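Step one of this worksheet: look at the structure below.
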Amino acid sequence: MINEQAIVFSGSKIKTKIMIFSVLTFIAAFLPTYIHSQFITGPLVNMSLILAAFLVGPFEAVFLGLMPSVLALTSGLLPLALAPVVPFIMISNAILVGVYYYFGRKKIGISILAASFLKFLFLFGIARLLAGVLLSGKAINAAILMMGWMQFFTAVAGGILAYIVLSFIKKSRILS
């Protein structure tokens, strides 16, 4: 089981947290501007959010979750027609962080599934609600696919990646 008390920072806590946050910001916010594949960037962004929650703090992780969708929109990864959905993507990232952070201290499998499912449920509901108003034709199907089950699968993959990284950090005592 992974929890925030299992990872103790050595040396300067502030400098270590800033360094970790910088790396996770690059992965979550800037890497998607270079790699335009939801199959790759989705898990990496979700992994970064979860790692930030445990290594830096949940509020910092929520802040980090605001960046990827804005940069995805400006880089063209997220179609311009979906701009009104950006605030909801940000909220879904906060849901992922909050649920995972809360349950992650108890049961890792449950936390990955619960956080991923609630993120998916929120985004899919919003996409279904707004798609008919904002989009037409094939764009509706693309938006629902992008904001639907794909969100669940990339969040689960990100949770699994985060668990692997946190386990490695704990076992190798990199941050202790």
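These figures come from a predicted structure and were not determined experimentally. Excluded from the calculations below are hydrogen atoms, water molecules and symmetry mates; all remaining heavy atoms, backbone and side chain alike, are included.
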For a quick test of reading the model, state the closest non-hydrogen atom pair linking A61 to V97 and the distance between them. CB-CG1, 3.7 Å

ILVMFWY clustering at 4.5 Å (side-chain atoms), partners of M150: F39

Would you say the side chain of I20 lies within less than 4.5 Å of the side chain of T16, judging by non-hydrogen atoms? yes

Measuring only between side-chain heavy atoms, which start at C-beta, is I169 closer than 4.5 Å to L55? yes

Heavy-atom nearest pair, S116 first then V156, reads OG-N, 3.2 Å

Residues F120 and G148: closest non-hydrogen pair is CD1-O, 3.3 Å

Please confirm whether the ring centroid of Y100 lies under 6.0 Å from the ring centroid of F54. yes

So CE of M67 and CZ of F26: to nearest 0.5 Å the spacing works out to 13.5 Å

Do V99 and S111 touch side chain to side chain, with heavy atoms closer than 4.5 Å? no

Can you tell me how far apart CD1 (I18) and OG1 (T25) are? Round to the nearest 0.5 Å. 11.0 Å

Closest approach of L51 and L166, non-hydrogen atoms and distance? CD2-CG, 3.6 Å

For F152, does the CZ atom have more than 12 heavy-atom neighbours from other residues, nucleotides or ligands under 6.0 Å away? yes

Gap between atom CG of L49 and atom CD1 of I27 - 0.5 Å precision: 11.0 Å

In one Ile/Leu/Val/Met/Phe/Trp/Tyr side-chain cluster, 4.5 Å: I110, L96: no

Decide whether Y102 and F117 are clustered together by the hydrophobic rule: side chain heavy atoms of Ile, Leu, Val, Met, Phe, Trp, Tyr closer than 4.5 Å, transitively. yes

CE of M47 to CD1 of I164, rounded to nearest 0.5 Å, is 10.0 Å

Quick one: side chains of residues 81-94, donor-acceptor pairs under 3.5 Å with protein atoms, not counting sequence neighbours, listed by atom name and distance.
{"residue": "S92", "atom": "OG", "partner": "I89", "partner atom": "O", "Å": "2.7"}
{"residue": "N93", "atom": "OD1", "partner": "K119", "partner atom": "NZ", "Å": "2.8"}
{"residue": "N93", "atom": "ND2", "partner": "G65", "partner atom": "O", "Å": "2.9"}

Return the CG to CG distance between L118 and L123, rounded to the nearest 0.5 Å. 11.5 Å

Quick one: pull up CG in L80 and CG in L73 and give me the separation to the nearest 0.5 Å. 6.0 Å

State, with a plain yes or no, whether a side-chain heavy atom of F59 is found less than 4.5 Å away from one of V62. no

Compare every heavy atom of S48 with every heavy atom of L64, then report the nearest pair and how far apart it is. CD2-O, 3.9 Å

Taking every non-hydrogen atom, the tightest pair across T154 and Q151: OG1-O, 3.3 Å

Taking the side chain as C-beta and beyond, is there a heavy-atom pair between F21 and F63 under 4.5 Å? yes

